[in-house]
2 protein chains.
Amino acid sequence: MTNFISVIIVEDKIEMCRQIKSLLEKTDDIKVIATFHDSKSALEKIPEYEPDIVLMDLNLPDGSGIECIKNLKPKLSKTQFVILTMFDDSELVFKGLSHGAIGYLLKRSINDELVKSIYEAYKGGSPMSTQIARMVVKSFQNNKAIDEDLLTKREWEILEQLAKGKKYKEIGETLFISVETVRSHLRKIYEKLHVHSSKEAILKYFGKNHSR
Amino acid sequence: MTNFISVIIVEDKIEMCRQIKSLLEKTDDIKVIATFHDSKSALEKIPEYEPDIVLMDLNLPDGSGIECIKNLKPKLSKTQFVILTMFDDSELVFKGLSHGAIGYLLKRSINDELVKSIYEAYKGGSPMSTQIARMVVKSFQNNKAIDEDLLTKREWEILEQLAKGKKYKEIGETLFISVETVRSHLRKIYEKLHVHSSKEAILKYFGKNHSR
DNA sequence: AATACAATAACACAAACGTGTGAATTTTAT
DNA sequence: ATAAAATTCACACGTTTGTGTTATTGTATT
């Protein structure tokens with residue numbers, strides 16, 4: 001590292017690119033060391049720069065920015081990727097974060113947050129605009145799968161085991177009861193959850209029954 | 001709503017409580033309308049106030065603050081719960097968020113962020129300190145369950161269907177192929193994933209094989 | 001003391017699943 | 001153009017699962 005935070009911008013719209021650059025260069029300790037406008041040249045050239053931060057647009061003309069991150073990440077272990085996009089689509093957010101992006105900003109809110117976000121990303125934080133954080137939190141709240149009081153203590157134990165991928169026989173061995181008893185419990189569990197297979201029960205357990 | 005944001009603090013340590021209160025009251029449009037020091041009285045009295053925001057400590061003497069949120073939430077649909085805690089333990093964070101909290105702040109960073117966070121929570125955002133956001137992002141990245149290139153396009157389609165809880169016959173009907181073909185694909189999928197049941201395959205699909 | 005629920009267990013039968021083997025056709029890559 | 005991989009389908013056999021029925025024992029609740 002040098003005495004400034006090196007940033008590369010990948011963004012196809014030149015005007016937007018310039019705007020971001022000028023925003024960042026108001027600060028002395030951030031330097032935009034390169035800009036790219038398509039994923040092909042970004043993939044080729046970025047590794048040479050070893051930037052601290054890459055600001056990545058998702059809607060590139062020749063392929064998704066997520067693909068770009070996926071390919072660059074292994075070569076640049078010290079670089080933090082921050083996604084910059086127009087859309088607050090939850091699919092995209094989850095995909096972006098799970099593919100190695102460390103932060104996720106909406107273009108409409110960059111004026112207020114961009115510079116601060118670069119610092120945060122550099123310090124190992126995860127900049128997200130308020131709206132994005134809200135979506136992430138929602139994704140946890142959807143997982144309010146089964147009311148705790150619906151199943152008895154023992155039934156929860158059985159379901160937990162099932163949700164680890166075990167088969168009936170193994171559950172019985174773990175809990176020191178016969179397979180028949182396990183089947184007996186699961187019959188009641190399935191009844192209470194309104195399902196007819198271990199698959200469906202597991203999905204409910206993880207709150208993956210509706211949506212996504 | 002009135003012309004200010006009404007806040008209730010639930011925090012057992014009186015000194016900390018007073019400190020938070022004085023922080024918030026530097027701003028005219030935030031009013032601390034009550035404070036509680038244990039979950040029993042909080043549960044009884046808070047519904048009468050219908051506050052905009054509840055700042056909730058997790059380590060109350062008589063029961064977890066999470067339980068408290070769980071009980072209050074249904075009675076106060078317009079109230080936003082923000083957790084205030086000493087610890088950045090990931091279990092707690094996920095539990096808190098999935099039980100109805102809208103934000104999660106660490107006590108050590110409240111000086112900088114508290115007032116801003118109240119505004120954000122009020123506007124429907126999700127205030128989180130940078131460290132918490134980082135943990136949340138990490139939880140997505142751990143879910144890098146299966147390498148995309150491991151399975152073919154068709155195999156992904158089959159697995160997706162399976163992960164919706166469908167049985168083989170239904171998968172075949174959805175994709176317009178015979179059950180035998182579904183079985184054929186799943187045989188290869190199980191081989192590639194090193195599993196021996198639909199249960200295990202689904203767990204891998206959702207990244208739930210290790211931990212949690 | 002009576003009633004309800006929880007936990008345990010067995011038997012039975014059909015449906016669904018896991019796996020071995022084999023093979024034809026289409027798509028993709030070299 | 002040729003090899004390799006992907007997609008499709010079938011038959012067979014043993015295992016696992018889903019569900020109906022029934023019963024014993026322990027533990028609360030009233």
Side-chain angles (χ1 to χ4, degrees), chain A residues 39-40 43-44 62-64 67 70-71 145-209, chain B residues 67 145-206 208-209:
Chain A
S39 75
K40 194 161 134 269
L43 275 170
E44 281 169 17
D62 61 339
S64 143
E67 281 303 308
K70 221 176 99 182
N71 281 302
I146 309 168
D147 187 319
E148 285 193 27
D149 298 331
L150 182 62
L151 303 184
T152 68
K153 213 173 122 205
R154 196 54 155 175
E155 283 165 355
W156 274 111
E157 288 173 341
I158 306 259
L159 182 55
E160 252 164 51
Q161 294 296 315
L162 190 78
K164 284 182 179 173
K166 294 190 183 173
K167 44 183 61 166
Y168 294 8
K169 196 182 156 198
E170 294 168 328
I171 297 175
E173 279 160 7
T174 309
L175 300 182
F176 306 109
I177 52 179
S178 91
V179 197
E180 284 302 325
T181 306
V182 175
R183 274 142 64 78
S184 202
H185 284 299
L186 279 166
R187 201 178 304 121
K188 293 218 77 180
I189 293 170
Y190 291 174
E191 220 176 276
K192 288 177 176 178
L193 301 185
H194 306 296
V195 301
H196 302 277
S197 71
S198 60
K199 287 195 275 281
E200 292 176 299
I202 291 173
L203 294 186
K204 283 225 167 181
Y205 182 83
F206 287 118
K208 293 284 162 62
N209 29 338
Chain B
E67 281 304 310
I146 310 167
D147 188 319
E148 284 195 29
D149 299 332
L150 182 61
L151 302 183
T152 67
K153 212 173 121 203
R154 196 54 156 176
E155 284 165 354
W156 275 110
E157 288 173 340
I158 307 258
L159 182 55
E160 253 164 50
Q161 294 296 315
L162 191 78
K164 286 182 177 171
K166 294 191 184 174
K167 41 185 63 167
Y168 293 10
K169 198 184 157 198
E170 294 168 329
I171 297 175
E173 279 160 7
T174 308
L175 301 180
F176 305 107
I177 52 179
S178 89
V179 196
E180 284 302 325
T181 306
V182 175
R183 274 142 65 78
S184 197
H185 284 299
L186 279 167
R187 201 177 304 123
K188 292 217 79 180
I189 293 171
Y190 290 173
E191 221 176 276
K192 289 178 177 177
L193 300 185
H194 305 296
V195 300
H196 301 278
S197 71
S198 59
K199 287 194 275 281
E200 292 177 297
I202 291 173
L203 293 186
K204 285 226 166 180
Y205 181 84
F206 287 119
K208 292 282 161 63
N209 29 340

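Chain naming here is simple, since letters A, B, ... match the order of the sequence lines and numbering starts at 1 in each.
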Is the shortest side-chain N/O distance from [X] to OP1 or OP2 of [N] below 4.0 Å?
| X | N | result |
| --- | --- | --- |
| B/H185 | D/dT7 | no |
| A/T152 | C/dA7 | yes |
| A/T181 | C/dT8 | no |
| B/R183 | C/dG20 | no |
| B/K199 | D/dT17 | yes |
| B/S178 | D/dT8 | no |

* To do: Ignoring the backbone of B/I177, work out which of C/dA7, D/dT8, D/dT16 is nearest its side chain.
  =>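 The answer is D/dT8.
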
Gap between atoms [atom1] and [atom2], on [X] and [N] respectively (whole Å):
| X | N | atom1 | atom2 | value |
| --- | --- | --- | --- | --- |
| B/K188 | C/dG20 | NZ | C1' | 15 Å |
| B/K153 | C/dT26 | NZ | P | 17 Å |
| A/Y190 | D/dT19 | OH | P | 8 Å |
| B/I158 | D/dA6 | CD1 | P | 14 Å |
| A/L159 | D/dT17 | CG | C1' | 16 Å |
| A/E170 | D/dT17 | CD | P | 8 Å |
| B/W156 | D/dA6 | CH2 | C1' | 16 Å |
| A/L175 | C/dA9 | CG | C1' | 15 Å |

* **Contact nearer the 5' end of DNA chain C, comparing B/L186 with A/E180** =>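 Mapping each residue to its closest nucleotide by heavy atoms, the 5'-most match is A/E180.
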
Side-chain contact test, heavy atoms from C-beta onward, threshold under 4.5 Å: evaluate it for [X] versus [Y] and give yes or no.
| X | Y | result |
| --- | --- | --- |
| B/K166 | B/V182 | no |
| B/L150 | B/L193 | yes |
| B/L203 | A/F206 | yes |

* Asked: Side chain of B/S198, base of C/dC17: donor and acceptor closer than 3.5 Å?
  ->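 A donor-acceptor contact between them is absent.
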
* Taking atom types as they are modelled, is there a donor-acceptor pair under 3.5 Å from the base of D/dT21 to the side chain of A/R187? ->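 By the distance-only test, yes, there is a pair.
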
* **Candidates A/K192, A/H185, A/K188 - the one meeting side chain to side chain donor-acceptor pair (under 3.5 Å) with A/E155** =>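 Of all the options given, the one that passes is A/K192.
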
* Which residue lies toward the 5' end of DNA chain D, A/H196 or B/V179, if each is placed at its nearest nucleotide? ->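 Looking at DNA chain D, the more 5' nearest nucleotide goes with B/V179.
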
* Asked: Which part of the nucleic acid does A/S184 contact within heavy-atom distance under 4.0 Å: base, sugar-phosphate only, or nothing?
  ->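 Touches a base.
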
* Asked: Do A/E170 and A/K167 sit within salt-bridge range, that is, some charged N less than 4.0 Å from a carboxylate O?
  ->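 A/K167 and A/E170: not salt-bridged.
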
* To do: Please name the pair of heavy atoms, one in B/Y190 and one in B/L162, separated by the smallest distance, quoted to 0.1 Å.
  =>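 Shortest heavy-atom separation between B/Y190 and B/L162 comes out as OH-CD2, 3.9 Å.
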
* Searching all strands shown, indicate the nucleotide that pairs with C/dT30 (Watson-Crick or G-U wobble; both distances under 3.5 Å). =>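 When the pairing criteria are applied, nothing turns out to pair with C/dT30, so the answer is none.
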
